[in-house]
Amino acid sequence: IGGAWPVAGRQLGIVIGEGVDEATVSTLQESAHAAGVVPLLVGPHGGKIGGLTVNRTYANAASIEFDALVLVGDLPPAPDAMVSGDSKAGAGNDPTVSDPRVVKLIGEAWRHAKALGAVTPAGSAALTDAGLTGQEEGLAVGTAEQVAARLLELLAGHRAWARFPASVQR
């Protein structure tokens, strides 16, 4: 805790939706590759989105695969999103909210103290849907260049340890 380690070999999940700006994704991928970080695209379906090859889908991505996540663009529910049997669970197909599987992915990464990023303005909507403001410890919010640089710094620290301060009870 408190040290810095090489980031080479770490995995960065780049969560994208349909119609994502490919130049933004390329900036993130190039920054990751330059640092030896492995960028993996997580999308609403397999195959291609524009000219981008999706490596994982919302349905099969797991937070344990990634050392950090960055959210790019709008992430509305994909056609295969399951509507929850309990409306209080927050799942559904409302196109104005993020896919519930993406929200789950963010929540798990948050609890594991992993670095999170959001390319503004659209990427931060998923943070909001996950109950975050964008001001919390271990978050990088801004342009693709700003987010990439900050995520590499956060990855060097391994986890956002300050997110959950230790408390001593006697």
Quiz item: Taking only residues two or more places apart in sequence or in another chain, which ones pass side chain to side chain contact (heavy atoms under 4.5 Å, CB included) with Thr128?
Solution: none

Can you list, pair by pair, the side-chain donor-acceptor contacts under 3.5 Å of residues 42-55, counting residues two or more places apart and other chains?
from	atom 1	to	atom 2	distance (Å)
His45	NE2	Glu18	OE2	2.4
Lys48	NZ	Thr53	OG1	2.9
Asn55	OD1	Leu41	N	2.8

Quiz item: For Arg10, does its backbone N or O pair with a side-chain atom of Asp67 as donor and acceptor, under 3.5 Å?
Solution: no

Practice problem: Considering non-hydrogen atoms only, spot the tightest contact between Gly134 and Val141 and give its length. | Solution: O-CG2, 3.8 Å

Quiz item: For the hydrophobic clusters of this structure (ILVMFWY residues joined by side-chain heavy atoms under 4.5 Å, transitively), does one cluster hold both Ile14 and Val7?
Solution: yes

Self-check item: Joint hydrophobic cluster, Val97 plus Leu132, side-chain heavy atoms closer than 4.5 Å
Solution: no

Quiz item: Judged by atom type as modelled, is there a donor-acceptor pair below 3.5 Å linking the side chain of Asp99 to the main-chain atoms of Ala78?
Solution: yes

Quiz prompt | Residues in salt bridge (Lys or Arg N to Asp or Glu O under 4.0 Å) contact with Glu137, at least two apart in sequence or another chain | solution = none

Exercise. Go through the structure and list residues passing salt bridge (Lys or Arg N to Asp or Glu O under 4.0 Å) with Arg163, not counting sequence neighbours.
Key: none

Exercise. Would you name the heavy atoms of Val15 and Leu105 that are closest together and state the gap between them?
Key: CG2-CD2, 4.2 Å

Exercise. Taking all non-hydrogen atoms of both residues into account, name the closest pair between Gly9 and Val38 and its distance.
Key: O-CG2, 4.5 Å

Exercise. Heavy atoms only: give me the nearest Val72-Leu75 pair and the separation to one decimal.
Key: O-CD2, 3.8 Å

Quiz prompt | Pairs meeting criterion side-chain hydrogen bond (donor to acceptor under 3.5 Å, both in side chains) with involvement of residues 102-123, two or more places apart | solution = Ser63-Glu108, Lys104-Glu108

Quiz prompt | With Glu65 via side-chain hydrogen bond (donor to acceptor under 3.5 Å, both in side chains) - residues at least two apart | solution = Arg56

Exercise. Working to the nearest 0.5 Å, report the span between CG of Leu127 and CD of Gln135.
Key: 10.5 Å

Quiz item: Is Val70 reachable from Val20 through a run of I, L, V, M, F, W or Y residues, each pair having side-chain heavy atoms under 4.5 Å apart?
Solution: yes

Quiz item: How would you list, by chain and number, every residue that makes a side-chain hydrogen bond (donor to acceptor under 3.5 Å, both in side chains) with Ser26, sequence neighbours excluded?
Solution: none

Self-check item: Under the side-chain hydrogen bond (donor to acceptor under 3.5 Å, both in side chains) test, residues paired with Ser124 that sit two or more places apart
Solution: none

Self-check item: Set of residues satisfying side-chain hydrogen bond (donor to acceptor under 3.5 Å, both in side chains) with respect to Glu136, sequence neighbours excluded
Solution: Thr133

Exercise. Would you please name every residue forming a side chain to side chain contact (heavy atoms under 4.5 Å, CB included) with Thr27, sequence neighbours left out?
Key: Ala144, Glu145

Quiz item: How about Val37 and Leu151: do any of their side-chain heavy atoms sit closer than 4.5 Å?
Solution: no

Self-check item: With Ala130 via side chain to side chain contact (heavy atoms under 4.5 Å, CB included) - residues at least two apart
Solution: Val103, Ile106

Practice problem: Please tell me if the side chains of Tyr58 and Asp80 come closer than 4.5 Å, counting only heavy atoms from C-beta onward. | Solution: no

Quiz item: Say you draw a straight line from CG of Leu69 to CD of Gln11; how long is it, rounded to the nearest 0.5 Å?
Solution: 11.0 Å

Quiz item: How would you list, by chain and number, every residue that makes a side chain to side chain contact (heavy atoms under 4.5 Å, CB included) with Ala122, sequence neighbours excluded?
Solution: Asp74

Self-check item: Spatial distance of atom CG (Leu154) from atom CG (Leu139) [nearest 0.5 Å]
Solution: 8.5 Å

Quiz item: Hey, any chance Leu40 and Leu71 share a hydrophobic cluster, counting ILVMFWY side chains that come within less than 4.5 Å of each other, even indirectly?
Solution: yes

Practice problem: Quick one: closest heavy-atom pair of Leu12 and Ala32, and the distance? | Solution: CD2-CB, 4.2 Å

Exercise. Return the minimal non-hydrogen interatomic distance between Leu152 and Ser31, and the atom names on each side.
Key: CD1-O, 4.1 Å

